[in-house]
Enquirer: 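Before I ask anything, let me first share the structure, which is written out below as structure tokens.
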Amino acid sequence: MGEDDLKETTVMKGIGVSPGVVIGKAYLFDRRDAQVPLYKLNDPSLIAGEIRRFRKALRESEKQLIELKNQLSDLGGGMQPLYIIDIHIMILRDRKFIDRTIRNIREMSVNAEWAVRMTIDKYREIFDRMEDDYLRGRISDIQYAGQRIITNLGEKNLTVVEMGEGFIIIATDLSPADTAQMKIDRVLGFATDMGGKTSHTAIVARSLEIPAVLGLENITRSVQTNDDIIIDGSAGVVIVRPDPEVSKRYEEKKRLYEEAQDDLLDYAKLPAVTKDSYSVEIGGNIEFIEEIPSAIAHGADGIGLYRTEFIYINRKQLPDEEDHLANYRSVVGVEGLSWSTIRTFDLGGDKFFPNAQTSRELNPQMGLRGIRFCLKEVELFKVQLRAILRASDRGKLRIMFPMISGIEEILEAKRIFYEVKNELLKRGVAVGNDIEIGVMIEVPSAVIVAEELAKEVDFFSIGTNDLIQYVLAIDRINERVTYLYEPLHPAVLSLIKQVVDIGHKAGIRVAMCGEMAGDPTYTMILLGLELDELSMNPLAIPRVKKIVRGSTLKESKTLLNKVMTLSSSSEIRALVEATMQKRFPEEFQVNGQ
Ligand code: PEP
Ligand code: MG
């Protein structure tokens with residue numbers, strides 16, 4: 001187990017006991033060293049002094065242990081205690097232990113106690129993963145030696161979280177006494193190994209309105225203090241060390257959660273029909289099956305996008321067919337959902353793959369990802385297809401392929417799909433007989449050859465996140481170019497219009513499942529374009545439904561027609577925003593109002 005393994009993204013599922021999303025730094029709370037103070041060294045000149053303080057405490061600790069050893073040997077007891085003391089002395093002299101602690105002081109500008117604490121955490125993480133019980137237990141020697149240094153550093157009576165910024169508390173469990181000694185206003189969320197809906201932590205979290213996921217079983221083994229961490233208390237999901245793409249997605253969820261208003265929930269159960277009776281289907285986008293209840297509660301008619309690559313996210317081993325099947329059986333035929341769209345995994349490049357080191361690509365967004373990866377790793381693809389097909393007799397299933405760039409890819413994907421289906425049928429396995437096959441339209445070339453693609457599929461689903469990225473040549477996770485990421489760019493609107501027109505002419509459904517579908521600013525434009533389905537983050541659904549129900553198709557078309565005559569994004573945005581503000585003043589308040 002190398003240190004790199006500890007840097008991997010990990011997803012854990014537990015019991016969501018207090019809703020909401022929080023993104024922050026982890027603090028591994030351990031009762032045994034709950035009194036370790038933490039403060040920032042605000043001035044770089046303080047660092048050298050802190051390192052001296054640490055070295056002094058090391059010398060002091062060693063002196064004490066040597067004295068203790070002498071006392072014990074004078075008493076003439078057995079050899080065991082002396083041997084243990086020798087080990088503790090060796091730890092105090094260990095170069096790696098010392099260097100790591102000094103590095104913590106330097107690089108993080110924190111006090112020596114905290115730096116020692118972080119070193120112990122690091123060792124604990126490594127020891128926890130050892131197979132051998134005896135070796136794993138040796139962490140207690142490091143903890144003992146570290147605790148002695150901290151005691152000799154001598155600061156007392158400081159509570160857990162003294163730092164200016166907030167923390168997400170990670171613990172085995174938390175008693176009232178534990179939470180009582182925390183600076184609770186600095187706590188952003190909780191994630192614990194034990195506990196459930198009625199535990200003390202759950203009650204505290206709900207009353208403070210901070211997200212919490214409990215019953216995670218071994219979160220304390222997977223997290224180190226200062227790791228980046230996301231808690232989704234609504235879905236009961238915790239993501240440790242998220243990669244930038246996952247973080248971005250959760251920033252959006254957090255924003256939506258914060259914006260969600262209870263009164264909007266009234267719209268969740270109403271159909272998305274305009275005042276002049278144009279109806280659009282509403283899908284929910286999910287990454288984990290745990291999000292399904294939220295999708296239903298927020299008013300999804302079906303699942304418009306299940307991003308199955310998330311099944312791969314924290315695995316050392318590839319998921320097998322049964323792992324896939326267990327997930328798909330929870331998605332297809334669920335009461336409250338009329339259909340479910342499973343997207344085959346959009347995996348590859350450096351996205352979530354277990355042997356990420358071996359598959360690094362310079363430009364993974366344009367690398368071997370999505371369908372390209374599946375068509376290369378056919379066996380992996382077949383495992384997923386078999387599981388999808390085995391779940392298909394449960395209810396209405398749609399399957400779609402990501403990153404299709406031309407006709408060969410869909411033909412080959414379908415060929416493999418039918419090969420797998422026929423094998424299953426031969427074996428007498430029940431398979432749904434009305435599975436719809438679709439492609440994501442997210443590579444510009446797919447728009448250009450859409451007429452050909454339409455002949456091969458039952459539906460299109462426009463992935464605006466990637467489509468915009470590729471057509472405007474903007475890396476969707478690069479903050480420096482986000483200002484250019486414009487769904488209302490005339491080129492983007494024109495591509496979407498082409499896709500809808502071609503799809504409808506061919507008699508197939510056209511959905512949209514990129515983020516654009518869930519932003520109410522664009523709802524009238526998308527109505528005007530006559531998309532058949534909008535699929536979005538479940539939290540966004542009530543507001544979008546409100547806009548749909550307050551609009552007419554006629555006025556939406558008028559707006560779209562005007563927009564299509566404009567040549568710049570800025571003019572289009574100005575017109576769309578002004579229209580939305582005028583039509584829905586409550587939803588689109590001008591700053592300061
Ligand atoms: C998209 O590209 O718009 C999309 C929905 O897929 P993802 O965000 O997973 O790439
Ligand atoms: Mg995409």
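Quantities reported herein were computed from a predicted structural model and do not represent experimental measurements. Here, residue 1 is the first one in the sequence, and each next residue gets the next number. Each ligand, and each atom within it, is numbered from 1 in the order the structure gives.
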Enquirer: As a quick check of understanding, evaluate side chain to side chain contact (heavy atoms under 4.5 Å, CB included) for Leu337 and Ser340, giving each step before the final call.
Expert: CA-CA 7 Å; Leu337 295 175; Ser340 293; 4.3 Å; yes
Enquirer: Output the list of atoms in ligand 1 that are nearer than 4.0 Å to some heavy atom of Leu305, sorted by atom number.
Expert: 5 (C)
Enquirer: Using a heavy-atom cut-off of under 4.0 Å, does the side chain or the backbone of Arg343 touch ligand 1, or both, or neither?
Expert: side chain
Enquirer: Can Lys253 be said to sit on top of Tyr250's aromatic six-ring, NZ or CZ under 6.0 Å from centre and within 45° of the ring axis?
Expert: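 The answer is yes; both the distance and angle limits are met.
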Enquirer: List ligand 1 atoms under 4.0 Å from Glu442, heavy atoms only on the residue side.
Expert: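 Near Glu442, meaning under 4.0 Å from one of its heavy atoms, ligand 1 has 1 (C), 2 (O), 6 (O).
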Enquirer: Which heavy-atom pair separates Arg329 from Arg390 by the least distance, and what is that distance?
Expert: NH2-O, 4.0 Å
Enquirer: Are any of the side-chain nitrogens in Asp532 or Arg509 under 4.0 Å away from the carboxylate oxygens of its partner?
Expert: no
Enquirer: Would you please determine whether Glu515 falls within less than 4.0 Å of ligand 1 on a heavy-atom basis?
Expert: no
Enquirer: At less than 2.8 Å, would any N/O/S atom of Asp346, backbone or side chain, sit next to the Mg ion (ligand 2)?
Expert: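 Here the distance criterion (N, O or S atom, under 2.8 Å) is not met by Asp346, so no.
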Enquirer: Check whether any N or O atom of Glu245, backbone or side chain, sits under 3.5 Å from an N or O atom of ligand 1, and answer yes or no.
Expert: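 Min N/O separation from ligand 1 is not below 3.5 Å for Glu245.
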Enquirer: Please identify which atoms of ligand 1 are closer than 4.0 Å to at least one heavy atom of Gly463.
Expert: 1 (C), 2 (O), 3 (O)
Enquirer: Check all N, O or S atoms of Glu442 and name the one closest to the Mg ion (ligand 2).
Expert: OE1
Enquirer: Below 4.0 angstrom, N of the basic side chain to O of the carboxylate: do Arg398 and Glu533 qualify?
Expert: yes
Enquirer: Only heavy atoms of Arg307, strictly under 4.0 Å: list the atoms of ligand 1 that pass.
Expert: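 Taking each heavy atom of Arg307 in turn, ligand 1 has 4 (C), 5 (C), 6 (O), 7 (P), 8 (O), 9 (O) under 4.0 Å.
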Enquirer: Could you check if a side-chain atom of Thr341 sits within less than 4.5 angstrom of a side-chain atom of Trp339, using non-hydrogen atoms only?
Expert: yes
Enquirer: Could you name the option among Asp466, Leu467, Asn465, Ile462 that has the heavy atom nearest to atom 10 (O) of ligand 1?
Expert: Asp466
Enquirer: As an exercise, identify every atom of ligand 1 less than 4.0 angstrom from a heavy atom of Cys513.
Expert: 5 (C)
Enquirer: Kindly give the heavy-atom pair with the smallest separation between Ser338 and Lys396, and that separation in Å.
Expert: O-CB, 3.3 Å
Enquirer: Does ligand 1 have an atom that lies less than 4.0 angstrom from a heavy atom of Met516?
Expert: no
Enquirer: Does Arg249 have a non-hydrogen atom less than 4.0 Å from ligand 1?
Expert: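 Arg249 counts as a contact of ligand 1 under the 4.0 Å cut-off.
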Enquirer: Charged N to carboxylate O below 4.0 Å: is that the case for Glu586 and Lys546?
Expert: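 Salt bridge present between Glu586 and Lys546.
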